[in-house]
Amino acid sequence: MEGTTKKAEMVKLISAEGFEFVIDKQAAMVSQTIRNMLTSPGGFSETQQGQVTFPEISTHILEKICQYFYWSLQFASGKETEFHIEPEITLDLMMAANYLHLGRAQSIAQDYKLRAREQCGFFGKASK
C-alpha cells in the first residue's frame with residue numbers, strides 16, 4: 001500500500017536572470033495570474049511543465065513575491081504578522097504585484113511607500 005500522505009505539488013517560478021524558485025503550488029496560486037497560467041486549458045507550456053518564466057521580474061523581487069505567497073497563506077489562516085518590505089524595492093514590488101494580481105501586496109507596498117515619504121518629509125511642507 002502506498003503512503004497515505006499526499007506529496008505537495010510544486011511549481012517553478014523563473015526570474016528575469018534565470019534564477020529558479022521551486023515553491024508549493026498552493027502558495028503560487030495566491031496570484032490570480034499564476035493560477036490562470038497553471039490551470040488554463042489548451043496545453044500551454046506553463047500548465048504542462050508546472051513552471052512560469054517572468055522575463056520582467058528580477059530575482060530579488062521574485063524572491064520577495066515568493067515570501068509574500070507564504071505569508072499570505074499564513075495570514076489567511078489567521079496568523080497576523082507584518083510583512084516587511086525594504087523601501088528601496090517598493091516601486092518594483094508594486095509593479096510586480098499589479099501584474100500578478102496581488103491586491104494585498106500592492107496595498108502593503110503602497111503603505112510602505114507613503115511611510116517612507118512621510119519620514120523623508122515629502123508631506124506637510126508648504127512651498128513659498
Side-chain angles (χ1 to χ4, degrees):
M1 181 174 168
E2 292 184 28
T4 57
T5 58
K6 184 177 178 182
K7 188 175 181 180
E9 197 172 346
M10 306 300 276
V11 297
K12 187 185 299 183
L13 307 180
I14 305 170
S15 71
E17 298 85 4
F19 193 87
E20 299 176 352
F21 295 90
V22 179
I23 64 171
D24 291 335
K25 186 174 184 178
Q26 179 184 5
M29 298 294 226
V30 167
S31 163
Q32 188 62 45
T33 302
I34 294 174
R35 177 186 305 267
N36 291 341
M37 290 175 170
L38 294 175
T39 61
S40 60
F44 294 105
S45 64
E46 291 88 357
T47 305
Q48 293 176 348
Q49 298 173 5
Q51 71 180 37
V52 182
T53 302
F54 297 101
E56 301 295 325
I57 301 178
S58 70
T59 299
H60 185 65
I61 297 301
L62 190 56
E63 178 181 24
K64 197 67 170 179
I65 293 287
C66 291
Q67 291 170 4
Y68 172 78
F69 292 158
Y70 286 104
W71 175 87
S72 184
L73 290 177
Q74 290 178 348
F75 186 85
S77 68
K79 184 178 180 183
E80 295 189 28
T81 59
E82 185 174 330
F83 185 73
H84 178 71
I85 299 172
E86 298 80 12
E88 60 273 7
I89 68 166
T90 303
L91 181 60
D92 290 333
L93 190 59
M94 283 176 26
M95 292 183 343
N98 182 51
Y99 173 71
L100 295 170
H101 293 94
L102 299 172
R104 193 180 310 145
Q106 217 173 348
S107 296
I108 293 168
Q110 287 172 341
D111 288 345
Y112 272 96
K113 187 176 179 182
L114 288 174
R115 278 191 248 155
R117 284 184 176 175
E118 288 170 354
Q119 290 174 356
C120 293
F122 284 21
F123 296 116
K125 289 187 177 179
S127 57
K128 293 185 179 189

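Between Tyr99 and Phe54, the ring planes are perpendicular. Angles over 60° get that label, and only those under 30° would be called parallel.
In terms of heavy-atom proximity, Arg35 sits nearest to Met29 at NH2-O, 2.8 Å. Minimum interatomic distance between Ser58 and Ser15 (heavy atoms only, all atoms of both residues): C-CB, 3.9 Å. The shortest non-hydrogen separation linking Thr59 to Phe21 is O-CZ, 3.7 Å. Taking each heavy atom of Val52 and Glu46 in turn, the nearest pair found is CG2-CG, 4.0 Å.
The backbone N or O of Thr47 sits nowhere less than 3.5 Å from a side-chain atom of Thr39 that would complete a donor-acceptor pair. Side chain of Ser31 to main chain of Ala28: no donor-acceptor pair is present (N/O by atom type, distance under 3.5 Å, no hydrogens or angles). In this structure a side-chain-to-backbone donor-acceptor pair under 3.5 Å is present from Trp71 to Thr81.
When each of His60, Glu86, Lys64 is checked for a side-chain contact (heavy atoms from CB on, under 4.5 Å) with Leu93, only Lys64 meets the rule. With respect to Ile65, the side-chain contact (heavy atoms from CB on, under 4.5 Å) criterion is satisfied by exactly one of Ile34, Leu102, Leu13: Leu102.
Note on Phe69: it clusters hydrophobically with Phe83, by side-chain heavy-atom contacts below 4.5 Å among ILVMFWY residues. When the side chains of ILVMFWY residues are joined at heavy-atom separations under 4.5 Å, either directly or via intervening members, Ile14 and Ile61 end up in two distinct hydrophobic clusters.
For the pair Gln49 and Lys12, the minimum side-chain heavy-atom distance is 4.5 Å or more. In this structure, Asp24 and Met10 have side chains that are in contact, with non-hydrogen atoms separated by less than 4.5 Å.
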Subject >> From CA spacing to verdict: side chain to side chain contact (heavy atoms under 4.5 Å, CB included), Tyr70, Val30 >> reply: CA-CA 9 Å; Tyr70 286 104; Val30 167; over 6 Å; no

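Within a 6.0 Å sphere centred on CD of Glu17, heavy atoms belonging to other residues, nucleotides or ligands number more than 12. Open room surrounds CD on Glu56; 12 or fewer heavy atoms of other groups in view lie less than 6.0 Å from it.
Put simply, CD1 on Ile89 and CE on Met94 are 12.0 Å apart, with the number rounded to the nearest 0.5 Å. Rounding to the nearest 0.5 Å places CG of Leu100 at 8.0 Å from CG of Leu62.
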